[in-house]
Amino acid sequence: MRSRLPVIFILITVALDAIGIGLILPVMPDLIREVRGADLANAALWGGILSAAYAVMQFGFSPTLGNLSDRFGRRPILLVSMAVMALDYAVMAVAGTIWLLLAGRIVAGIAAATHATALAYMADITEPEKRAQNFGLISAGFGVGFILGPILGGLLGGLDPRAPFIAAACLAALSFVFGYVVLPESLPPEKRRPLRWRRANPLGALQHVGALPGVRLLLIVMLVYQISNFVYPAVWAYYTQAAFGWGTGKVGLSLALYGLAMAVVQAGLIRLILPRLGEVRAVYWGLILNMICLVAYGLASQGWMIWALIPISAIGAIVAPAMQAVMSRAAGADQQGELQGVLSSIAALSMILSPLMMTQAFFWFTRDGADPVLPGAPFLLSAVLMSMSFAIFAIGLGRRRSQAASDKTSL
């Protein structure tokens with residue numbers, strides 16, 4: 001049982017990272033109106049700024065923390081970040097100005113950039129052929145946190161807009177104590193590498209990781225895939241209300257079902273699929289399934305179609321952990337943190353770009369005078385992006401096979 005405790009801590013860490021994204025969504029309008037004395041429209045404007053600040057910090061600091069973990073080990077980075085997160089949520093719980101809230105979200109975004117270090121820790125303790133399965137556990141933990149964040153914020157926010165932050169501070173503090181007791185270091189000193197600051201930023205890290213054989217195209221695939229896949233949280237509430245007249249109850253239930261289905265796929269079903277398909281074929285067929293489901297969402301005319309599509313489309317979540325495993329094989333033991341930092345930055349970048357793109361598509365096809373009126377337009381745009389991701393992956397796969405054939409011929 002004790003050998004499982006570090007994995008449990010890692011899953012708690014990524015879940016808390018995700019909770020930090022969704023926790024503020026239900027309570028932020030009331031909290032901003034309280035500290036700013038503003039109307040709802042201005043509160044929404046500031047809410048967007050706070051969300052963007054969080055995502056930008058994750059994008060910028062994921063490679064930094066990943067590189068620091070390659071130099072000093074995973075344990076200190078994970079524990080320090082958890083302690084900072086606990087303190088930050090406590091400060092936000094008593095914040096009396098919008099600027100203190102903004103500073104809190106900036107610090108929270110930096111602390112939550114440990115997703116990369118958590119993935120690197122999992123790579124350290126897992127055999128290469130089993131990494132995709134355990135990366136699936138990480139994704140499942142993130143998905144659970146993404147569900148629990150809005151639920152926790154909504155329930156506690158009914159008591160007081162600041163209550164969710166107090167709860168998050170307590171959870172982070174308890175997690176720090178738990179990790180301090182059970183988390184051993186996974187990266188031995190002989191496998192660590194010197195810290196080079198030119199690599200500890202998104203562009204520098206991307207340059208070095210992109211030089212790994214076969215990784216550059218996969219990074220592009222991952223970015224386009226993430227932008228496409230983020231359509232679900234970006235427009236789901238607007239889409240289901242405009243297309244089917246759903247209220248908040250159905251929207252919340254459908255999101256919970258989708259998150260649960262993803263968790264089942266990434267924590268359990270992936271262990272059945274990958275041994276049979278292999279990582280490369282899992283990415284290939286997963287991208288195809290995602291394309292089909294996105295088109296189906298975009299053209300759906302009845303609400304029951306959405307309920308039927310949710311468990312099917314969740315199977316497409318196999319793509320990310322399978323692709324992470326393919327890239328992890330190309331990186332050395334002293335580059336796992338850097339690689340996962342780049343991947344986390346890509347995920348954060350998609351969280352900045354995708355809402356801007358998808359909400360614009362929704363606006364233009366649902367505004368007054370729109371012709372045609374098509375609430376599912378963002379999903380069709382995502383299907384186009386997913387097809388681009390598939391095409392790039394197929395090109396990369398073809399190049400790899402040609403290179404392998406060439407190497408055999410030369411031998």
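We use all heavy atoms of the structure for the numbers below, so side chains are in, but hydrogens, waters and symmetry mates are not.
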Looking only at heavy atoms, which two atoms of L65 and S81 are closest? And how far apart? CD1-OG, 4.0 Å
Where is the tightest heavy-atom contact between A242 and F362, given as atom of each residue plus distance? CB-CZ, 3.8 Å
Let me have the donor-acceptor pairs involving side chains of residues 157-185, under 3.5 Å, with sequence neighbours excluded, atom names and distances please.
| unit_1 | atom_1 | unit_2 | atom_2 | d |
| --- | --- | --- | --- | --- |
| D160 | OD1 | R162 | N | 2.7 |
| R162 | NE | E34 | OE2 | 3.3 |
| R162 | NH1 | A93 | O | 3.2 |
| R162 | NH1 | A95 | O | 2.6 |
| R162 | NH2 | E34 | OE2 | 3.0 |
| R162 | NH2 | A95 | O | 2.8 |
| E185 | OE1 | R74 | N | 3.2 |
| E185 | OE1 | R75 | N | 3.0 |
| E185 | OE2 | R74 | N | 2.9 |
| E185 | OE2 | L187 | N | 3.0 |

What pairs with Y297 under side-chain hydrogen bond (donor to acceptor under 3.5 Å, both in side chains), at least two apart in sequence or on another chain? S313
CD of E279 to CD1 of I318, rounded to nearest 0.5 Å, is 10.0 Å
Scanning both residues in full, the closest heavy-atom pair of G303 with F244 reads N-CD2, 3.6 Å
If you round to the nearest 0.5 Å, how far is CG of L223 from CG of L218? 12.5 Å
Would you please indicate yes or no on a ring centroid separation below 6.0 angstrom for W246 and W307? yes
Looking at side-chain heavy atoms only, is the closest gap between L100 and M92 below 4.5 Å? no
Minimum-distance pair of heavy atoms, taken over all atoms of F365 and P372: CD2-O, 3.6 Å
Close side-chain approach of N229 to Y232, heavy-atom, < 4.5 Å: yes
Return the CG to CD1 distance between L219 and I392, rounded to the nearest 0.5 Å. 11.5 Å
Identify, with sequence neighbours excluded, every residue that meets side-chain contact (heavy atoms from CB on, under 4.5 Å) alongside P188. E190, K191
Looking only at heavy atoms, the pair that brings Y121 and P6 closest together is OH-CB, 3.6 Å
Going from CG on L68 to CZ on F61, what distance comes out if it is rounded to the nearest 0.5 angstrom? 10.0 Å
Got a second to check how far I8's CD1 is from I10's CD1, nearest 0.5 Å? 11.5 Å
Side-chain atoms of residues 284-295: list all donor-acceptor pairs with protein atoms under 3.5 Å, sequence neighbours left out, distances to 0.1 Å.
| unit_1 | atom_1 | unit_2 | atom_2 | d |
| --- | --- | --- | --- | --- |
| N290 | ND2 | G286 | O | 3.0 |
| N290 | ND2 | G316 | O | 3.3 |

Decide yes or no for T117 and I77: does some side-chain heavy atom of the first lie under 4.5 Å from some side-chain heavy atom of the second? yes
Look only at the side chain of S389 and the backbone of V221, and say whether a donor-acceptor pair between them is shorter than 3.5 Å. yes
Can you confirm whether F390 sits close enough to V319 that some side-chain heavy atom of one is under 4.5 Å from a side-chain heavy atom of the other? no
Would M305 and L299 count as a side-chain contact (heavy atoms from CB on, under 4.5 Å) here? Give the steps. CA-CA 10 Å; M305 297 178 181; L299 301 178; over 6 Å; no
I'd like to know if the side chain of R276 reaches the main chain of L272, judged simply by a donor and an acceptor atom lying under 3.5 Å from each other, with no hydrogens or angles considered. yes
Start with the C-alpha distance between I315 and V265, add both sets of side-chain angles, then the distance that settles side-chain contact (heavy atoms from CB on, under 4.5 Å), and finish with yes or no. CA-CA 6 Å; I315 298 175; V265 169; 4.3 Å; yes
Side-chain contact test, heavy atoms from C-beta onward, threshold under 4.5 Å: evaluate it for L101 versus I98 and give yes or no. yes
Nearest heavy-atom approach of D88 to G104 is OD2-O, 2.8 Å
Check: residues 378-388 side-chain donor-acceptor pairs under 3.5 Å, at least two apart:
| unit_1 | atom_1 | unit_2 | atom_2 | d |
| --- | --- | --- | --- | --- |
| S382 | OG | S228 | O | 3.2 |
| S382 | OG | P378 | O | 3.1 |
| S387 | OG | V384 | O | 2.5 |

What's the spacing between L374 CG and W364 CH2 if we round to 0.5 Å? 15.5 Å
List the residues meeting ring-ring contact (aromatic ring centres under 6.0 Å, His included) with W99, not counting sequence neighbours, and say none if there are none. W46
Run the numbers on I125 and V7 for side-chain contact (heavy atoms from CB on, under 4.5 Å), then give the verdict. CA-CA 9 Å; I125 65 174; V7 175; 3.9 Å; yes
